[in-house]
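No hydrogens, no waters, no symmetry mates; every other heavy atom, side chains included, goes into these values. A quick note: this is a predicted structure, and the numbers were derived from the prediction, not measured.
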Amino acid sequence: MKMISLKGVSKKYDNGQLALDHVSMEIEAGEFVFLCGASGAGKSTLIRLLFREEVATDGKIIVNGRNLRKIKRRELLRHRRSMGLVFQDYRLLPKKTVFANVAYAMEVTECKRKDIRKRVPEILEVVGLSDKAGSFPSELSGGEQQRVAIARALVNRPAILIADEPTGNLDPQNARELMEVLKRVNDKGTTVVMATHAQDIVDEMRKRVIMLHEGRIIYDEEGGGYHEIALV
Amino acid sequence: MKLRSFSRFFVEASQSLRRNILMTIASIATIALTLFVCGVFSVIVLNINKFANDIESTVEIQAFLEEDLPAETASALVTSIREIDGVDDVTFISKEEALANMATQLEETPETLLSSLGRNPLPDSYMVTADSADDVAPVAEKLEALDGVAEAQYGDDTVDNLFQMLKWIRYFGIALILFLVVASIVIVAFNIKVTVASRKSEIIIMRYVGASNWYIRWPFCIAGMVMGLFGGIIAVALLYGAYTLFIDQFSSVLVFMSLVRVNTDFFYIFGFMLLFGVLLGSAGSLLSLNVYLKERAKKQ
């Protein structure tokens, strides 16, 4: 089953900048995909289009069976809830505990308290933070904070996890641990799309790599690596 | 929106109000001031209305009877006059009484007046008072239509001029209130916008985890309503205190008009002020948030 499908997608911003130029690609359910490219290559725009923060200027985007250019308001909310987002800067609420931060994502979707109390510890265990449930973000390392963000992104059981430079602020050790978590999540069936320019991680994971350059896909290969891209 | 979310909204609203306590106080003060001025103007309008009514209802209509009207016909007219809607009191003034009154006004005796005039030129008349101010003109019209009545007079011009003036005062009051309402919505909106900006990251996160716009709005809306309610309570207390003090101090000075006592009309004004405060607060917060949510939507 196709989870993400782009056909001839272009995005031109109001200032005239062409961020994506006729991009076509397909991502199957359960895949792990690296989105690579230098800054300004179009990675962030692509992620924003998938989350439907931006609307494509041209082309067709179907995510999880939803045509994002024709999506209605109510559907849009469902669409966003079917995706988990993780950012380089974690974006945690500093005044809430780890538990409350993760629970927050369930609260805003109006889940029952009982379900929240049951689900949050489960997901904290998946990311290996069961013992930190009562801590505040400021008491955690960067790696731990990012794992909280991943737990929050996953707590509503999204079909797709999108991570935008999740290891950008982490040291190699923490980055490796985070990748382990993402791999575990992917092994359980969640589609993972990760934008990065961490060459060593891409090389090590040996997953599908889609390389963007100036808004176009210049490379798309299963089990590829970053070093090979340099030759293109 | 599910009910259980609302307990959370209230908690969040009270947290944000306490966290930005200075901003909260500023907003409450702004709303209180606006509502107080609205209240003051309502009270002024109320007093003006009463004043106008007092004046108009004391206006007497003089119905001059035709000359040489037989005495019986003249006295029978009183029944027809009493039958007119809106007539309060009717008094017969004979031509002799009229002459006597005139003589008193001119500080002469009726006899000297009569000798200098040759004969009594004044007709018999009825002095009619109306139930209310609104009745004066129609009553006068109906009096004139009666057989035997030559003319019905009341001080149209003076009263009309006064009413014209009162109308303009009312318009001015309404315009001032409108201006203040807009100003206070803008100030509340601005204040809430600052609060919203201070919670920007939280709002962004809410959107990312799939919160609906209303889920984001409600806590701010409740915070606005609470501020409006507090502002309303303060304004009502101020107005009540100030007005009772005013009556105490000035009712003896302002002898020409009797002031409205704190009565049921006041409770309407108070109720309106509270309701209006709540509306003002929520309108301000929704306005600022809407601008913000739209801005976000555009940037994204």
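With a 4.5 angstrom heavy-atom cutoff, A/R74 does not touch chain B via any of its atoms. Contact annotation for A/R78: neither backbone nor side-chain heavy atoms come within less than 4.5 Å of a heavy atom of chain B.
Shortest non-hydrogen contact noted between A/L77 and B/S212 is CD2-CB, 3.5 Å.
Residue-level contacts of residues 122-142 of chain A with chain B do not occur; threshold 4.5 Å between heavy atoms. Using a 4.5 Å heavy-atom cut-off against chain B, the contacting residues of residues 109-117 of chain A are A/T109, A/E110, A/C111, A/K112, A/R113. Heavy-atom proximity under 4.5 angstrom to chain B picks out A/R91, A/L92, A/L93, A/K95, A/Y104, A/A105, A/E107, A/V108 from residues 89-108 of chain A.
More than 12 heavy atoms of other residues, nucleotides or ligands lie within 6.0 Å of CZ in B/F6, so this atom counts as buried by the packing criterion. Within 6.0 Å of CG in A/D14 there are 12 or fewer heavy atoms belonging to other residues, nucleotides or ligands. The local environment of CH2 in B/W168 is sparse, with at most 12 non-hydrogen atoms from other residues, nucleotides or ligands closer than 6.0 Å. A 6.0 Å sphere centred on CD of A/E75 holds more than 12 heavy atoms belonging to other residues, nucleotides or ligands.
No side-chain heavy atom of B/V209 sits under 4.5 Å from any side-chain heavy atom of A/R81. The closest side-chain heavy-atom distance from B/Y208 to A/R152 is not below 4.5 Å. Side-chain contact between B/R207 and A/E53: absent, with no pair of heavy atoms (C-beta onward) separated by less than 4.5 Å.
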Side chains of residues 216-242 of chain B: which donor-acceptor partners sit under 3.5 Å, not counting sequence neighbours?
{"residue": "B/R217", "atom": "NE", "partner": "B/N290", "partner atom": "OD1", "Å": "3.2"}
{"residue": "B/R217", "atom": "NH2", "partner": "B/N290", "partner atom": "OD1", "Å": "2.9"}

